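Note that this is a predicted model, so its numbers are computed, not measured.
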Amino acid sequence: MTTLNGSGTFYGSIPVFRGFARLMDPALYSPLPDDWSIGVADIVESTRAIAQARYKAVNMAGAAVIAAVTNALDGREFPFVFGGDGASFAVSPDDVERARAALAATAIWVRDDLDLAMRVALLPIAAVRAQGLDVRVARFGPSPNLSYAMFSGGGLGWAEAAMKRGEFAVPMAPPGTQPDLSGLSCRFEEIPSVRGLILSVLVVPAQGADASAFRKLIEDVIAQVERSPDSGRPVPPGGPPLRWPPQGVEFEARAQRGGSLFRRRAAVLAHTLFVYLIMRFGIKVGGFVPKAYVQQVVENSDFRKYDDGLRMILDCTPDLERTLTARLAAAASAGVASYGLHRQDAAMMTCFTPSALRSDHVHFIDGARGGYAAAAAALKAAQA
């Protein structure tokens with residue numbers, strides 16, 4: 001597995017599991033090869049951006065990391081996770097320098113075009129294992145179209161903390177460097193709750209927690225959620241609202257390459273009008289079938305994941321919210337877990353669609369009023 005060819009094909013060799021309730025089964029997770037590297041990125045002072053109602057920009061920045069690295073790797077599969085105000089991923093030694101360049105370019109683009117500060121770091125898996133931790137990866141298939149990564153072992157959390165200490169930092173690229181963000185968009189409108197509220201959930205093991213007790217907690221929480229309609233998915237069966245001009249025009253224009261910003265805005269407006277019309281009236285264009293695409297958007301929505309902790313964006317009833325809160329509070333009191341929750345009235349979607357003719361496009365879901373970043377702030381406050 002640690003030879004170059006074996007390392008490079010590692011992720012694709014991991015079987016895809018179905019059924020989110022299985023995610024705590026350790027047999028699903030494979031340790032990263034010894035020659036792989038971990039990439040981490042996050043927005044500095046995302047709480048302030050939330051207070052300024054700029055969370056859509058924060059989400060765009062986090063998703064840009066995944067888009068830039070994917071495009072730099074020519075679309076090859078690699079494990080990643082979207083965290084709302086950032087992202088984490090792992091790459092083989094063949095891809096590490098391309099990933100480094102993509103991180104550097106994304107950081108300067110986020111600063112210059114989104115007016116946000118992004119930290120980025122890239123570190124060898126050996127640095128994680130030297131701490132007695134690991135990074136293990138599973139592949140979850142939310143639909144027949146797509147799979148994405150789950151992470152365990154404690155290594156991603158340590159890597160993020162190291163990044164925040166200034167370790168393993170990737171310097172920003174020169175001003176004007178533009179990452180390849182092809183396929184990144186945010187055309188859909190906010191998705192209002194239909195069941196009562198959108199709940200952002202973040203649950204991590206408490207320091208020194210019993211592993212079996214934490215596993216039981218996560219399985220209990222997921223079982224509660226699985227009993228709710230469509231497992232709490234915040235994206236309605238008919239897809240998110242779509243209007244023209246879309247709210248994300250400015251972000252999408254800034255993600256384009258070439259020409260003045262004015263010309264890029266005009267091009268995005270024209271293209272999104274075309275897309276709006278064919279989606280609004282269900283017009284088939286070549287191999288593109290709007291109804292099938294919308295179904296894939298719903299099925300491919302990334303609204304729950306595991307990366308050393310459980311993350312979910314749920315459209316839930318007040319009763320379910322009270323049940324989850326009580327279970328998590330009891331676990332915190334018992335020293336099993338720490339958690340953060342954030343309540344809001346809507347969710348939002350940021351899309352990565354390298355090709356609308358393929359079914360493996362992914363749609364990152366977060367809360368529209370702070371989402372994962374606000375839940376993380378609540379968790380940090382509870383740990384203080």
Worksheet entry | ring pair (Phe, Tyr, Trp, His ring centres under 6.0 Å) assessment of F140 paired with F17 | CA-CA 5 Å; F140 169 61; F17 76 92; 5.4 Å; yes
Item to complete: Decide yes or no on side-chain contact (heavy atoms from CB on, under 4.5 Å) for V297 and Q295, but give the supporting numbers first.
Response: CA-CA 5 Å; V297 167; Q295 182 178 347; over 6 Å; no
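T317 and D319 are not linked by any side-chain donor-acceptor pair at a separation below 3.5 angstrom, with hydrogens and angles left out of the test. Side-chain contact annotation: S301 with R233, donor-acceptor N/O pair under 3.5 Å present. For D366 and N59, the side-chain atoms include at least one donor-acceptor pair closer than 3.5 Å.
Heavy atoms only, all atoms of each residue included: V58 and A49 are closest at CG2-CB, 3.6 Å. Here the closest non-hydrogen pair linking I191 and P234 is CG2-O, 3.1 Å. What you find for K305 and F20 is that their closest heavy atoms are N-CZ, 3.7 Å. Taking all atoms of both residues into account, the shortest heavy-atom contact from A337 to L217 is CB-CD2, 3.4 Å. Listed here is the closest heavy atom pair of D230 and R195: CB-NH2, 4.0 Å. The heavy-atom pair separating G232 from F303 by the smallest distance is C-CE1, 4.1 Å.
Using a 30° and 60° split on the angle between ring planes, F80 and F364 fall in the perpendicular class, above 60°. Ring geometry, F10 versus W36: the interplanar angle exceeds 60°, so the pair is classed perpendicular (tilted spans 30 to 60°).
A cation-pi arrangement is present between R139 and Y11 under the rule of less than 6.0 angstrom and at most 45 degrees off the ring axis. Figure legend: cation-pi geometry between R311 and Y372, with NZ or CZ positioned under 6.0 Å from the six-membered ring centre and within 45° of its axis.
With respect to Q296, the side chain to side chain contact (heavy atoms under 4.5 Å, CB included) criterion is satisfied by exactly one of R358, H361, K291: H361.
Here K216 pairs with D220 in a salt bridge; the nearest charged N to carboxylate O distance falls below 4.0 Å. Salt-bridge check for D112 with R254: failed, with every basic side-chain N at 4.0 Å or more from each acidic carboxylate O. A salt bridge is defined here as a Lys NZ or Arg NE, NH1 or NH2 lying under 4.0 Å from an Asp or Glu carboxylate O, and K56 with E250 fails to meet this definition. By the 4.0 Å N-to-carboxylate-O rule, R304 lies close enough to E226 to be salt-bridged with it.
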